[in-house]
Protein chains: 2
Amino acid sequence: MTHAIAPCILIVEDDPDTAEAMAQAACDVGADPVVRCSYAGGLAAAAGAEFAVIMFDRMLPGGDGVDAIAKLRAAGSTALVMVVSALGRAANKIEGLEKGADDYLAKPFDPDELRARLRALLRRKAMVALDNDVMVFGDLEIRLKARTVHIGQAHVALSPKEFELITYFARNAGETVTRMQLLEHVWNLHFDPQTNVVDVHVGRLRRKLEAVAGRAVIHTARGQGYVFDPQREGAA
Amino acid sequence: MTHAIAPCILIVEDDPDTAEAMAQAACDVGADPVVRCSYAGGLAAAAGAEFAVIMFDRMLPGGDGVDAIAKLRAAGSTALVMVVSALGRAANKIEGLEKGADDYLAKPFDPDELRARLRALLRRKAMVALDNDVMVFGDLEIRLKARTVHIGQAHVALSPKEFELITYFARNAGETVTRMQLLEHVWNLHFDPQTNVVDVHVGRLRRKLEAVAGRAVIHTARGQGYVFDPQREGAA
DNA sequence: GATCACATGACAAGTCCCGTCATGTGATCA
DNA sequence: TGATCACATGACGGGACTTGTCATGTGATC
């Protein structure tokens, strides 16, 4: 499961009423809409954040949304692209689909159909994420199936126990996790072994993460336990 | 990269001329079409093989293709589904999309548009595969990024060296691989160590695969080397 | 039957992982 | 400031796994 953050949908549309209807459809399917009204503004927004779906009009101030697709892909974007356009003949659809759009909807559109197609695209998007059970915290990414951790492009080499630890921490991100919780859920022990096994292992994990991230990722809550918060600034 | 096997597209359509046009479009986009003319026949075909895309008509002898989607999903199918139907009003499209279709095309369709939409679906299908660099041989699946091997639903536990071996074999599937090739590419040795290290390791890998697959996967080419062919019948 | 190619069982060495222990460091309190 | 406690870190040893080697059994060919 992708960490519980609503997907973002970028809408690039110069007609305010149409943009409004598209934003409403995005909200209706549980996504956060971000609206831009020009070709350049749309490209800039796409470069600045992760979007699950990008909806482009064709005749925009500054360019044709279909031409933006190659630019998005060249920049590494994996967003699914829906073109929404008054250019609705089959030839227009074919051109858009062949230039890399994932769906093409002609204007004027039925809002219910737009919603249904957005849901279908988001289902598709979820397939990739579900296939790897990804948890993302800024530049820190945990792939549960592949059992890998990356910070930015850098792979963090973890032992099996360290991976179990960070998984438990990630599932309780931002909350204080006690040593007894870790003993129960990571070591499957329901008593105190009277050793500092938890401290030692958490220390190992911390040093590996800090070496790559260049900042503290696991913080000590003195007298309580630890807090996993990769996006907090400052020392442990 | 998915191993160079053409994707299969299942077409469930009772009108022969339409089925023919759809099969032609599938061929045109580089896929192998499999055609069925009844609802039950379509479901049976879907259960019997892996399809990248399944195209269902709605008014089929025996049922409505839209109703098949839930059955496909319950059976674990990850095929993308396109509904192609004379029922082409927005309400029909919405119903199909909300019942899980990935795309919906009204009849009569423009063959070029059908092709473009098939390509878009296959691109999406490739997204999932690319994310894990999957090599598939029938029921045997190698995920290069996760470094896992599954036969059907069963995980095959391989050591690092065994995984390197099967990867090299898979990249040369169906061809005879010599011991010297394996020494060079898997062991990075460019001389004969005068031991039977290759034989021993290949033997270990073979026994693990055969234990799960219930059939020989790696075959001996006497005096030459080995052939990786998981889909061949018969002993080694 | 002899010889060669290949398969398999067993062993030893190296590496990694994990837990324990001892001790150093930092925080808190009287 | 010193004592005490909480936590961090370095080091060690044992167990598990991986890998390569060797010896020998088995099958194929002549």
Side-chain angles (χ1 to χ4, degrees), chain A residues 147-149 155-169 176-211 216-228 234-236, chain B residues 147-149 155-169 176-211 216-228 234-236:
Chain A
R147 297 181 71 87
T148 59
V149 175
H155 171 65
V156 188
L158 300 184
S159 71
K161 184 69 70 177
E162 287 157 7
F163 188 82
E164 303 291 342
L165 257 183
I166 196 170
T167 300
Y168 187 78
F169 274 130
T176 302
V177 173
T178 66
R179 281 175 181 72
M180 274 311 307
Q181 277 176 289
L182 292 173
L183 283 167
E184 285 185 41
H185 297 282
V186 179
W187 277 269
N188 207 26
L189 294 180
H190 301 280
F191 60 91
D192 179 356
Q194 302 289 327
T195 71
N196 63 346
V197 59
V198 169
D199 307 69
V200 170
H201 280 272
V202 172
R204 285 177 178 152
L205 175 60
R206 294 168 85 157
R207 284 191 286 281
K208 285 186 177 178
L209 294 174
E210 291 181 24
V217 174
I218 298 174
H219 309 270
T220 307
R222 189 176 173 86
Q224 297 171 64
Y226 302 101
V227 183
F228 177 79
Chain B
R147 297 182 70 86
T148 59
V149 175
H155 170 65
V156 188
L158 301 183
S159 71
K161 184 69 70 178
E162 286 157 7
F163 188 82
E164 302 290 342
L165 256 183
I166 195 172
T167 300
Y168 187 77
F169 274 130
T176 302
V177 172
T178 66
R179 280 174 182 74
M180 274 311 307
Q181 278 178 288
L182 292 172
L183 283 168
E184 285 184 41
H185 297 282
V186 179
W187 275 269
N188 206 29
L189 294 180
H190 301 279
F191 59 91
D192 180 355
Q194 301 291 326
T195 72
N196 64 346
V197 59
V198 170
D199 307 71
V200 171
H201 280 271
V202 172
R204 285 176 179 153
L205 175 60
R206 295 167 85 156
R207 284 190 287 279
K208 285 187 179 178
L209 295 174
E210 291 181 24
V217 174
I218 296 173
H219 310 270
T220 307
R222 190 176 173 85
Q224 298 174 62
Y226 302 102
V227 183
F228 177 80

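Please read these numbers as outputs of a predicted model, since none were measured by experiment. To find a chain, count down the sequence lines: A is the first, B the second, and so on, and within it residues start at 1.
Relative to the side chain of A/Val197, the nucleotides C/dC17, D/dG20, C/dT20 differ in distance, and C/dT20 lies closest. Closest to the A/Arg222 side chain, of the nucleotides C/dT28, C/dA7, C/dG9, is C/dT28. For A/Arg204, taking side-chain heavy atoms from C-beta onward, the closest of the listed nucleotides D/dT19, D/dC12, D/dT21 is D/dC12. When distances run from any side-chain atom of B/Pro160 to the nucleotides D/dT18, C/dA7, C/dA10, the shortest one goes to D/dT18. Here the side chain of B/Arg207 is nearest to one of C/dT8, D/dG20, C/dC21, namely C/dT8. In this structure, of D/dC7, C/dC21, C/dA7, it is D/dC7 that holds the atom nearest to the side chain of A/Arg179. Which of C/dC18, D/dT18, C/dA7 sits closest to the side chain of B/Thr220 comes down to C/dA7.
Rounded to whole Å, the distance from CZ on B/Arg206 to C1' on C/dT8 is 11 Å. Rounded to whole Å, atom P of C/dA5 lies 12 Å from atom CD of B/Gln194. Computed from coordinates, the A/Asp199 CG to C/dA27 P distance equals 16 Å when rounded to whole Å. Distance CG (A/Leu205) to C1' (D/dC7): 16 Å, rounded to an integer number of Å. Between the P atom of C/dC18 and the CG atom of A/Asn188 lies a distance of 15 Å, rounded to the nearest Å. One can place CG of A/Asn196 at 17 Å from P of D/dC12, the figure rounded to the nearest angstrom. Put simply, CD1 on A/Ile218 is 10 Å from P on D/dA8, counting in whole angstrom units. Atom P of nucleotide C/dC17 and atom CD of A/Glu162 are separated by 8 Å, given to the nearest angstrom.
Here A/Trp187 contributes atom CH2 and A/Glu164 contributes atom CD; the two are 10.0 Å apart, rounded to the nearest 0.5 Å. Interatomic distance, B/Lys208 NZ to B/Glu162 CD, rounded to the nearest 0.5 Å: 3.5 Å. For the atom pair OG1 of B/Thr148 and CZ of B/Phe163, the computed distance is 6.5 Å after rounding to the nearest 0.5 Å.
Counting any heavy atom pair closer than 4.0 Å across all strands shown, B/Gly223 reaches sugar-phosphate atoms only and no base atom. If you check every strand for non-hydrogen atoms under 4.0 Å, B/Val202 touches nothing. Residue B/Phe163 is classed as having no contact, given no heavy-atom separation below 4.0 Å to the nucleic acid.
Close to D/dG20, at under 4.0 Å from its OP1 or OP2, lies a side-chain N or O of B/Trp187. Taking only side-chain nitrogens and oxygens, A/His201 never comes nearer than 4.0 Å to OP1 or OP2 of C/dC18. Contact between the side-chain N/O atoms of A/Tyr226 and the OP1/OP2 oxygens of D/dA6 is not found at any separation under 4.0 Å. Applying the 4.0 Å criterion to OP1 and OP2 of D/dT21, one finds that B/Thr195 has a side-chain N or O inside that range.
Relative orientation of the B/Tyr168 and B/His185 rings is parallel, given thresholds of 30° and 60° on the angle between their planes. Relative orientation of the B/Tyr226 and B/Phe169 rings is perpendicular, given thresholds of 30° and 60° on the angle between their planes.
When both pairing distances are held under 3.5 Å, C/dT28 makes a Watson-Crick or G-U pair with D/dA3.
A donor-acceptor contact under 3.5 angstrom links the side chains of B/Thr220 and B/Arg206, judged on distance only.
Nearest-nucleotide assignment on DNA chain C puts the 5′-proximal partner with A/Lys161, out of A/Val200 and A/Lys161.
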